[in-house]
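These notes concern the structure reproduced below.
Quick note on labels: first sequence line is chain A, next is B, and so on, each numbered from 1.
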Amino acid sequence: MGIARLADVIKEEAAEAVNSFPLRQYRDRVIALDASIAIYQFRTAMPKLFNRNGENISHLQGLFYRTLHLLENGIKPVFVFDGRPPDLKQPLLARRAEAAGARRDAAESRRAENLPRPLKQDCETLLSYLGVPYVQAPAEAEATCAALVKSGKVWCTATEDMDALPFGSLRLIRHLSSKKNCEVEEISLPDILQKLGMTQEQFVDLYILLGCDYCGKIWRLGPKKALKLLQQHGTIEQVLQNIDPQKHPLPANWDLEGTRRLFLQPEVADPGRITLEWRDPDPEGLVRFLAHEKHMNESRVCQRLQRWQEAQSKPREAQPKQRVPREGRRQRKLGEFFPASKRARPPEVPGPRPSRKRQKLQVGTPGEAGSPDPGK
DNA sequence: CTCGTCC
DNA sequence: TCCTCTGACTCAAGACGAG
DNA sequence: TGAGTCAGAGGAC
């Protein structure tokens, strides 16, 4: 809701805070991604892909391809899963459910916001085989992403949702996809605050006035006026004292304090108790899981993995313009990754996750504070 | 690069 | 008058590889 | 779903 409006305000009033960089610029950087959003996109934007068992596997294919693409570019991704939505979001969710239920069956509308459990487990299994860490957020994923960035464990949040900014993510990148020539748009929160002459608290107030997901907005108070009045008076309370309440009625059940608290003191996973660790993808495990268990096209999986391996063995540079001649793309050698039997298929049930490659987000050790160097 | 396919 | 906000509308949203 | 238009109405100057 406030997403578009905030993007407009930033582009108009703080254009300096927005820059574009080629993806290669983010080599060796740790980037947090909202897993639920990504998966939801794969499931909606993609034509439904059903395997032979009638299961929709769009999310697996999408996650597989996109994650490998990030890894090939030297990026260290960490996926953050949504937890329980805050109570303040319930009205919004209810509205969405109602809208969906109006034209679809009730079962689908009940999908609410949280991913179905088996779906999420599949994604976790896939990430484990890819050697990519994931984090379970207690509440909003964007909030935990922001906390990870603030802690220095993560360089930036990659999302299309502007929420990460009021949550305090110092850097936000958009348009992170597998498109060729991908230019990533990076938004700097400190630059925004400086250009707008606002504190983070005032910025949160601005976001609330623009119409965030958690509470209604004030009638006839749009982006221009909201920004001007806030810069002039400092807080929403002060703004309210300087506008005509008749012409600008407040929304019903307007929980200003609650919404502020939600952004400024959100419920997040403690970054100090999270250890992020990346391993090489496990090609054998990926073929077993994706092709044999989930029935993705085996040659596609293998082909993609082979491409990844070739990129790995190549010298670190070699990206700039060096287009590999047609010839360079070797054809498949299917037997490559699973010399051992196809017969050893894992149990059908999601069962215990692959034990050997267990992903580690241990809680306990602050771990090496391998903070991504802020230099550059 | 555009377009058709992925299961 | 011009500026600003609202609301109703439409469309496309992923990633790949063959040609 | 959300993001990009385009119509039009209420305020501001």
I'd like the [atom1] distance from [M] over to [N], given in whole Å.
N      : M      : atom1 : answer
C:dA13 : B:dG4  : P     : 15 Å
C:dC16 : D:dG2  : C1'   : 25 Å
B:dC3  : C:dA12 : P     : 12 Å

Check the phosphate of [N] against [X], side-chain N and O only, distance under 4.0 Å to OP1 or OP2. Yes or no?
X        : N      : result
A:Asn297 : B:dC6  : no
A:Lys225 : C:dC3  : no
A:Arg300 : C:dC16 : no

With a 4.0 Å cut-off, would you call [X] and [Y] a salt bridge?
X        : Y        : answer
A:Arg304 : A:Glu72  : yes
A:Arg5   : A:Glu13  : no
A:Lys224 : A:Glu12  : yes
A:Lys89  : A:Glu140 : yes
A:Asp28  : A:Lys76  : no
A:Glu298 : A:Arg300 : no

Per [X] side chain, nearest of listed nucleotides [options]:
X        : options               : result
A:Lys217 : C:dT6, C:dG14, C:dC16 : C:dT6
A:Leu49  : B:dC7, C:dT6, C:dT4   : B:dC7
A:Met46  : C:dG14, D:dT1, B:dC7  : C:dG14
A:Arg220 : D:dA12, C:dT6, B:dC7  : C:dT6
A:Phe50  : D:dT1, B:dC7, C:dT6   : B:dC7
A:Arg304 : C:dT4, D:dT1, C:dC16  : C:dC16
A:Ala4   : D:dT1, D:dA3, B:dC6   : D:dA3
A:Trp219 : C:dC5, C:dT6, D:dA12  : C:dT6

Given atom [atom1] of [X] and atom [atom2] of [N], what is their separation to the nearest angstrom?
X        : N      : atom1 : atom2 : result
A:Lys224 : C:dC3  : NZ    : P     : 11 Å
A:Leu68  : C:dG14 : CG    : C1'   : 14 Å
A:Ile39  : C:dA13 : CD1   : C1'   : 16 Å
A:Lys247 : D:dA9  : NZ    : C1'   : 15 Å
A:Asn73  : C:dA15 : CG    : P     : 12 Å
A:Leu210 : C:dT6  : CG    : C1'   : 15 Å
A:Leu209 : C:dT6  : CG    : P     : 11 Å
A:Phe64  : B:dC7  : CZ    : C1'   : 15 Å

Would you mind classifying the nucleic acid contact of [X] as base, sugar-phosphate or nothing, using non-hydrogen atoms under 4.0 angstrom?
X       : result
A:Gln61 : base
A:Thr44 : nothing
A:Pro47 : base
A:Arg43 : nothing
A:Tyr65 : sugar-phosphate

Would you call the rings of A:Phe263 and A:Phe167 parallel, tilted or perpendicular if under 30° counts as parallel and over 60° as perpendicular? tilted
Partner nucleotide of C:dA18 by Watson-Crick or wobble geometry (both distances under 3.5 Å): B:dT2
With both distances kept under 3.5 Å, what pairs with C:dC2, Watson-Crick or G-U wobble? D:dG11
If only side-chain N and O atoms count, and only distance matters, is there a donor-acceptor pair under 3.5 Å linking A:Thr159 with A:Glu142? yes
Is the shortest side-chain heavy-atom distance between A:Val80 and A:Tyr134 below 4.5 Å? no
Positions of residues 226-242 of chain A (non-hydrogen atom under 4.0 Å from DNA chain B), listed by number: none
If each of A:Phe42 and A:Arg307 is mapped to the nucleotide of DNA chain C with the nearest heavy atom, which maps nearer the 5' terminus, i.e. the 5' end? A:Phe42
Whichever of A:Leu221 and A:Gly62 has its nearest DNA chain C nucleotide further upstream toward 5': A:Leu221
Any donor and acceptor pair, going by atom type alone, linking the side chain of A:Ser313 with main-chain N or O of A:Glu310 inside 3.5 Å? yes
